[in-house]
Amino acid sequence: MASQYREIAKKTLWSDNPVIKQILGICSALAVTNLVSNTLVMGIGVALVTAFSSLTVSALRNIIPIRVRMMVQTLIIAFYVIIVDIILRAYYPDMSRALGPYVGLIITNCIIMGRCEAFAQANKPLLSFYDGFMSGMGYTLILTIIAVVRELMGFGTILGFRILGDWWTPWTIMVMAPSAFFVLASIIWVANSLTVSKEKAAGQSISRGVQTSGN
Amino acid sequence: MGISPFVIFFASIFTSNVLLTNFLGMCSYLSISKDLKSSLGLGEAVIFVMTVTSVLNYLVYQYILVPFELEYLRFIVFIIVIAAFVQLVEMILERFMPNLYYTLGIFLPLITVNCAILGVALFIVIREYNFLQSLAYGAGGGIGWTLAILALAGIRQKVDETKIPKGLQGAGFAMIVTGIMALAFIGFSGILAIQ
């Protein structure tokens with residue numbers, strides 16, 4: 001049982017990471033990453049919505065008719081997104097304004113629908129909850145890396161605290177939209193190269209094993 | 001409030017492109033853009049659905065949700081309006097225009113989950129556009145999205161034969177191209193700008 005949980009954590013955080021490996025949920029990943037604080041709030045929101053949607057879908061998986069399950073899943077997701085939106089507007093109005101429409105766009109975030117379809121449909125509620133939450137964490141992890149790069153180079157700060165001194169000339173492009181594409185592309189490149197080289201190493205050892213056994 | 005619909009229309013195509021500056025509709029943008037023809041098909045469907053649903057959602061919001069103080073339900077209502085409209089279009093096309101249905105039909109289900117459609121509806125609420133401005137933003141947003149996906153599909157077809165580092169193939173490369181395109185489009189923001 002415990003190994004199952006560890007397996008899920010490993011998959012969602014790295015080897016099957018929703019953002020860099022499956023290229024899901026890119027819209028908000030690019031839009032909210034200009035400041036680390038926005039990103040963390042968005043990440044927690046997505047993680048909670050994914051977790052609770054997976055829990056609900058999994059709990060109802062034997063009741064929902066197969067034909068209308070997409071619509072039901074969308075409504076379940078929308079329900080949790082509305083709760084997140086109301087909480088944000090009540091307690092963090094500034095954050096709510098900064099995130100703008102992207103809170104609502106959590107509904108169409110493919111990660112959540114993907115986890116509901118691929119995992120929660122076929123697994124027990126508690127495990128689905130955990131899987132959804134970890135997928136959200138995998139998303140948050142990558143977004144935080146992007147946001148740290150963008151905020152550090154664009155403003156010289158992290159979470160609003162000045163890290164780089166006065167000598168640092170802020171890169172205006174890091175605040176603007178195009179840099180999000182460049183930073184995310186670089187992260188995908190690094191991640192894919194690491195996997196490719198690992199696969200190559202594994203492939204070589206296998207072929208070597210075949211050779212020795214052949215001899 | 002007082003921005004002319006024409007300014008909104010052209011700005012949402014070029015300088016405030018929904019895809020390149022607001023990152024809406026990235027998922028289908030990255031997965032469909034491998035082929036010019038299907039990009040065009042999806043683009044046409046997006047223009048049509050976005051124009052109509054942005055007006056529909058505007059009307060529903062202003063005349064049903066606001067009078068009954070149900071603004072907090074807008075996410076659910078918008079997504080239902082979009083899904084219902086797409087379903088309706090699909091049925092009408094299948095019944096009356098089978099030819100168009102076969103070219104456009106496969107793209108219609110993809111549109112419900114295209115966040116650009118929902119995003120445009122939400123932007124209209126947040127920026128408090130009036131009827132004409134919503135129409136202009138919906139149409140301009142759809143055209144801008146199509147322009148971006150066509151440009152990327154064209155570039156990707158040309159680059160197919162070149163050597164790209166292995167880790168960068170596919171999504172990574174598409175994203176870098178998109179970033180450069182975004183730079184070019186934003187370069188015009190001195191002429192027109194909304195937001």
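Chain naming here is simple, since letters A, B, ... match the order of the sequence lines and numbering starts at 1 in each.
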> Could you name the residues of residues 56-70 of chain A that have a heavy atom within less than 4.5 Å of a heavy atom in chain B?
Replying inline: none
>> Applying a heavy-atom distance below 4.5 Å, give me the residues of residues 43-65 of chain B that approach chain A, sorted by number.
In response: none
> Which atoms of L183(B) come close to chain A, meaning under 4.5 Å heavy atom to heavy atom: side chain ones, backbone ones, both, or neither?
Replying inline: both
>> As an exercise, state the distance from CD1 of I79(B) to CG of L75(A), rounded to the nearest 0.5 Å.
In response: 9.0 Å
>> Measuring from atom OG1 of T74(A) to atom CD1 of I76(B), what distance do you get when rounded to the nearest 0.5 angstrom?
In response: 10.0 Å
>> If you count heavy atoms of other groups shown closer than 6.0 angstrom to CZ of F10(B), is the number above 12?
In response: no
> Taking L30(A), I77(A), I23(A), I26(A) one by one, which has the highest count of heavy-atom pairs under 4.5 Å against chain B?
Replying inline: L30(A)
> Considering all heavy atoms of both residues, which atom of A177(A) and which atom of I186(B) are nearest to each other, and what is their separation?
Replying inline: CB-CD1, 4.2 Å
>> Applying ring pair (Phe, Tyr, Trp, His ring centres under 6.0 Å) as the test, list every pair that has at least one member in residues 41-62 of chain A; sequence neighbours left out.
In response: F52(A)-Y80(A), F52(A)-F129(A)
> If we only count heavy atoms from C-beta on, is the I180(B) to P178(A) side-chain gap below 4.5 Å?
Replying inline: no
> Out of curiosity, T21(B) OG1 to M176(A) CE, how far, rounded to the nearest 0.5 Å?
Replying inline: 10.5 Å
> Using non-hydrogen atoms and a limit below 4.5 Å, what part of residues 179-193 of chain A faces chain B?
Replying inline: A180(A), F181(A), F182(A), L184(A), A185(A), I188(A), W189(A), N192(A), S193(A)
> Which pair of heavy atoms, one from C27(B) and one from G25(A), lies closest together, and at what distance?
Replying inline: SG-N, 4.0 Å
> Can you check side-chain contact (heavy atoms from CB on, under 4.5 Å) on I80(B) and M71(A), steps first, answer last?
Replying inline: CA-CA 9 Å; I80(B) 291 175; M71(A) 203 60 225; 4.2 Å; yes
> Does N22(B) reach the side chain of Y102(A), with side-chain heavy atoms less than 4.5 Å apart?
Replying inline: yes
>> Does any backbone or side-chain atom of R89(A) lie under 4.5 Å from a heavy atom of chain B? Answer side chain, backbone, both or neither.
In response: side chain
> Taking all non-hydrogen atoms of both residues, which atom of I126(B) and which atom of G100(A) are closest, and how far apart?
Replying inline: CD1-C, 3.7 Å
> Roughly how far, to the nearest 0.5 Å, is CG of L24(B) from CG of L105(A)?
Replying inline: 6.0 Å
> What's the verdict on side-chain contact (heavy atoms from CB on, under 4.5 Å) for D85(A) and R74(B), showing C-alpha distance, side-chain angles and the deciding distance?
Replying inline: CA-CA 11 Å; D85(A) 182 53; R74(B) 64 178 188 274; 4.3 Å; yes
